[in-house]
Enquirer: 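The structure is given below, and queries will be raised subsequently.
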Amino acid sequence: MLRTSFIRENLAQLKAGLLKRNFKEEDLQIVDQTLVLDDQRKALQTELDSTLATRNQLSGQIGDLFKSGQKDKATELRQEVSELKEKVAVLEQDLKNTVEELRQALYTIPNMPHESVPAGNTDEDNEVFKAWDGPLPQLPENARPHWELAKEKDLFDLELGVKITGSGFPLYRGKGARLQRALINFFLDEAAAAGYEEIVPPHLVNEETATATGQLPDKEGQMYYVNEDDLYLIPTAEVPVTNVYRDVILNEEDFPIKMTAYTPCFRREAGSYGAHVRGLNRVHQFDKVEIVQLQHPDKSYETLQQMLKHVEGILQKLELPYRILRLCGGDLGFTSALTFDFEVYSAAQDRWLEVSSVSNFEDFQANRLKLRYRTDKGTQLAHTLNGSALALARIYAALLENNQTNDGIVLPKVLHSYTGFTTI
RNA sequence: GGAGGAAUGGCAGAGCGGUUUAAUGCACCGGUCUUGAAAACCGACGUACUGAAAGGUACCGGGGGUUCGAAUCCCUCUUCCUCCGCCA
């Protein structure tokens, strides 16, 4: 959520940024609307405050009059003050309505894109920030996509997932399950080595938590919802992990705060079927190791670069061809100011698969989180960042496809100590 | 799931209708003293909104109510503690 003071001070720039996000010219009026509502809020607040000040003063007098035995005067004054009550009630209601209206308006405005974000409408307009310049895997002639390899070697079973749950819930077994766990442990070890504190968070979150990181009200339909208990299954560890610091005031020397977590991620992905979602390309439940940082605003873009390096390092160790995209305005997430996506080449499908998304949210999430730090001049909002390091299902797909040989699937060296086997 | 108790500033802990603009202690910060430190003493010590400032207003787990006036009384929700039941 943007601050109204920010909107006021950067109005033209913000509107230009929203146009980059495919806002229509006529939709920009919501931005002006927030300022009108904010003015209205201030006026109501001022009037309410001064009315309350009068009431408090008179109430004090009543107390004094009673004490000094001037009952008649006190009763008279009491009558007078009771008339203020109605005014207070009306003002309070108006203020409440205005604040709520303002909040709803702010909920509809996404983060302002960073100046480096390219214009564009769809994922086809994303900028290739770093292309792959190495060789692509040379596959044997009878190379097959990962879902066929998995079936032959009994690594995961989508039909069993359908039987047990429904479409998009893979069941891994045997070496397939072991590979999954090996990757999780490898990713967590990499994060730990980079100084991230490991967190095991709850996998269900309440409405307040989901709102603070921006999933609500924007992505309501993307999350699984447990009606009975009013809880949401997490779509990413970002949600519970970032909320660790909701309502916290840090000191400057606390930065950076680095946290990592492995969690399963649940996404409804409503309405996506067909060839692009075969196998593990898009599923409702997948495993992911997330890295999260809280940082001083002056250093957050430096940190973003560090996080890119971290993800790159992992992909290099896995010996996977990858490229980095800078997301265009139209593809940028609601809460993000700048996002880099990592794509891995999955050879048998001849497709680049998104395996990581690394973003700087600047103070957009921090504003909802009320995550601040102390300065000489009061408190300031911190910056939040996160990235996948890494998302499993697609990495898994690429590993199977790229490493298939006539002698089986040969795993990259770095995983051997984790899997306990070298070939599948 | 049932019965009882509780929730106050970073922590501990008073307050139970009007000098609460929340006592007091501890912690933290600044100062005096000291070669330095400790001790002692002095001072400052929350968040948010509003205002150029002085100041004003709100906040004692959340929400609602009673009252001229609520940390204090009432209702409700949440969380925690104790006991019972169930259980990995």
Side-chain angles (χ1 to χ4, degrees), chain A residues 1-9 34-106 200-212 216 226-232 240 243-255 257 264 294 363-382:
Chain A
M1 185 160 66
L2 294 170
R3 291 168 286 121
T4 48
S5 60
F6 176 87
I7 296 174
R8 208 175 283 280
E9 288 156 22
T34 59
L35 296 184
V36 171
L37 284 167
D38 192 45
D39 287 337
Q40 200 176 316
R41 192 206 97 236
K42 279 187 199 179
L44 285 167
Q45 177 106 54
T46 306
E47 197 180 351
L48 174 63
D49 284 356
S50 63
T51 308
L52 285 174
T54 308
R55 186 201 70 182
N56 290 346
Q57 199 198 342
L58 293 177
S59 291
Q61 284 177 26
I62 291 171
D64 292 341
L65 287 173
F66 268 118
K67 253 182 225 166
S68 56
Q70 299 174 267
K71 237 183 168 175
D72 293 350
K73 271 193 174 174
T75 310
E76 200 179 303
L77 198 53
R78 181 149 65 179
Q79 193 60 38
E80 199 179 307
V81 178
S82 70
E83 282 163 25
L84 282 179
K85 268 182 88 171
E86 218 168 295
K87 189 178 175 188
V88 167
V90 171
L91 285 170
E92 275 179 342
Q93 192 56 49
D94 285 355
L95 180 63
K96 202 172 163 184
N97 292 343
T98 303
V99 166
E100 181 56 23
E101 219 178 311
L102 175 59
R103 199 160 61 102
Q104 292 305 329
L106 288 171
V200 180
H203 297 170
L204 279 80
V205 295
N206 57 33
E207 184 184 339
E208 199 179 351
T209 295
T211 303
L216 292 178
V226 183
N227 189 54
E228 185 78 13
D229 299 288
D230 199 16
L231 296 171
Y232 297 86
N243 270 276
V244 167
Y245 283 88
R246 187 174 76 223
D247 249 316
V248 168
I249 302 176
L250 297 164
N251 294 313
E252 287 198 41
E253 58 268 29
D254 296 332
F255 292 123
I257 288 178
L294 314 180
D363 66 13
F364 193 90
Q365 288 184 328
N367 193 26
R368 288 202 196 173
L369 288 159
K370 296 191 181 73
L371 165 57
R372 294 153 291 171
Y373 65 95
R374 264 179 263 276
T375 72
D376 297 341
K377 297 178 207 152
T379 64
Q380 288 281 321
L381 293 172

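Below, read A as the first sequence line, B as the second, and so on, with proteins coming before strands; counting in each chain starts at 1. Owing to the predicted nature of the structure, the values given are computational and were not obtained by experimental measurement.
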Enquirer: Pull out every protein N or O sitting under 3.5 Å from an N or O of nucleotides 45-53 of chain B, one pair per line with the distance.
Expert:
| residue | atom | partner | partner atom | Å |
| --- | --- | --- | --- | --- |
| B:U47 | O3' | A:R372 | NH1 | 3.0 |
| B:A48 | OP1 | A:R372 | NH1 | 3.3 |
| B:A48 | OP1 | A:T379 | OG1 | 2.4 |
| B:C49 | O3' | A:R41 | NH2 | 2.5 |
| B:C49 | O2' | A:R41 | NH2 | 3.3 |
| B:C49 | O2' | A:Q45 | OE1 | 2.9 |
| B:U50 | OP1 | A:R41 | NH2 | 2.9 |

Enquirer: Quote, to the nearest angstrom, the P distance that separates B:G62 from B:A70.
Expert: 16 Å

Enquirer: With a 3.5 angstrom cut-off on both distances, give the Watson-Crick or G-U wobble partner of B:G17, or none if there isn't one.
Expert: none

Enquirer: Could you let me know what B:A40 is paired to, Watson-Crick or G-U wobble, both distances under 3.5 Å, or none if it's on its own?
Expert: B:U32

Enquirer: What are the two closest non-hydrogen atoms of A:R368 and A:L216, and how far apart are they?
Expert: NH1-O, 2.9 Å

Enquirer: What is the distance from atom CG of A:L91 to atom CD of A:E86, rounded to the nearest 0.5 Å?
Expert: 11.5 Å

Enquirer: How far, in whole Å, is B:A40 from B:G55 if one measures between their C1' atoms?
Expert: 37 Å

Enquirer: Using the test salt bridge (Lys or Arg N to Asp or Glu O under 4.0 Å), find all partners of A:R78 that sit at least two apart in sequence or belong to another chain.
Expert: none

Enquirer: For B:C60, give its Watson-Crick or G-U wobble partner with both distances under 3.5 Å, or none.
Expert: none

Enquirer: For the P atoms, the ones on B:A38 and on B:A48, what distance do you get once it is rounded to whole angstrom?
Expert: 32 Å

Enquirer: For the pair A:R41 and A:D38, find out whether any cationic side-chain nitrogen is under 4.0 Å from an anionic carboxylate oxygen.
Expert: yes

Enquirer: Distance check, P atoms only: B:G5 and B:C77, in whole angstrom units.
Expert: 16 Å

Enquirer: Remember a base hit wins even if backbone is also touched, and classify A:I62 as base, sugar-phosphate or nothing at under 4.0 Å, heavy atoms.
Expert: base

Enquirer: Using Watson-Crick or G-U wobble geometry with both distances under 3.5 Å, which nucleotide pairs with B:A70?
Expert: none

Enquirer: Tell me, with the steps shown, if A:N97 and A:Q40 meet side chain to side chain contact (heavy atoms under 4.5 Å, CB included).
Expert: CA-CA 11 Å; A:N97 292 343; A:Q40 200 176 316; over 6 Å; no

Enquirer: Determine: side-chain N/O of A:K96 to OP1/OP2 of B:A58, distance under 4.0 Å, yes or no.
Expert: no

Enquirer: For A:Q79, I'd like to know if atom CD has over 12 heavy atoms of other residues, nucleotides or ligands within 6.0 Å.
Expert: no

Enquirer: Please set out all donor-acceptor pairs under 3.5 angstrom arising from side-chain atoms of residues 54-63 of chain A, sequence neighbours excluded.
Expert:
| residue | atom | partner | partner atom | Å |
| --- | --- | --- | --- | --- |
| A:T54 | OG1 | A:S50 | O | 3.0 |
| A:N56 | ND2 | A:L52 | O | 3.4 |
| A:S59 | OG | A:R55 | O | 3.0 |

Enquirer: Could you check how far CD of A:Q57 sits from C1' of B:U57, rounded to whole Å?
Expert: 14 Å

Enquirer: Quick one: which residue pairs count as a side chain to side chain donor-acceptor pair (under 3.5 Å) with a foot in residues 202-211 of chain A, not counting sequence neighbours?
Expert: A:N206-A:T209, A:T209-A:R246

Enquirer: Using atom C1' in both nucleotides, what's the gap between B:G30 and B:C45 to the nearest angstrom?
Expert: 10 Å

Enquirer: Pairing check on B:A3: which nucleotide meets the Watson-Crick or G-U wobble criteria with it, both distances under 3.5 Å?
Expert: B:U82

Enquirer: Could you check which nucleotide pairs with B:C45 in any of the strands shown, counting Watson-Crick or G-U wobble with both distances under 3.5 Å?
Expert: none

Enquirer: Taking atom C1' in both B:A14 and B:C26, compute the distance separating them and give it to the nearest angstrom.
Expert: 15 Å

Enquirer: Among residues at least two apart in sequence or on other chains, which ones pass ring pair (Phe, Tyr, Trp, His ring centres under 6.0 Å) with A:Y245?
Expert: none

Enquirer: Determine the Euclidean distance between corresponding C1' atoms of B:U79 and B:G63; express it in Å to zero decimal places.
Expert: 15 Å

Enquirer: Taking for each residue the nucleotide of RNA chain B bearing the nearest heavy atom, is the 5' side occupied by A:Q79 or by A:A53?
Expert: A:A53

Enquirer: According to the Watson-Crick and G-U wobble definitions, with both distances under 3.5 Å, which nucleotide is paired to B:G51?
Expert: none

Enquirer: Can A:Q104 and A:E100 be counted as having a side-chain donor-acceptor contact under 3.5 angstrom?
Expert: yes

Enquirer: Write out a two-atom table: protein N or O, nucleotide N or O from nucleotides 69-76 of chain B, distance below 3.5 Å.
Expert:
| residue | atom | partner | partner atom | Å |
| --- | --- | --- | --- | --- |
| B:G69 | O4' | A:S59 | OG | 3.2 |

Enquirer: Starting at the 5' end of RNA chain B and moving along, which residue's nearest nucleotide shows up first, A:R78 or A:T54?
Expert: A:T54

Enquirer: For B:G10, which nucleotide in any strand shown is its Watson-Crick or wobble partner with both distances under 3.5 Å?
Expert: B:C26

Enquirer: If we take the P atom in both B:G61 and B:C11, what is their distance in whole Å?
Expert: 13 Å

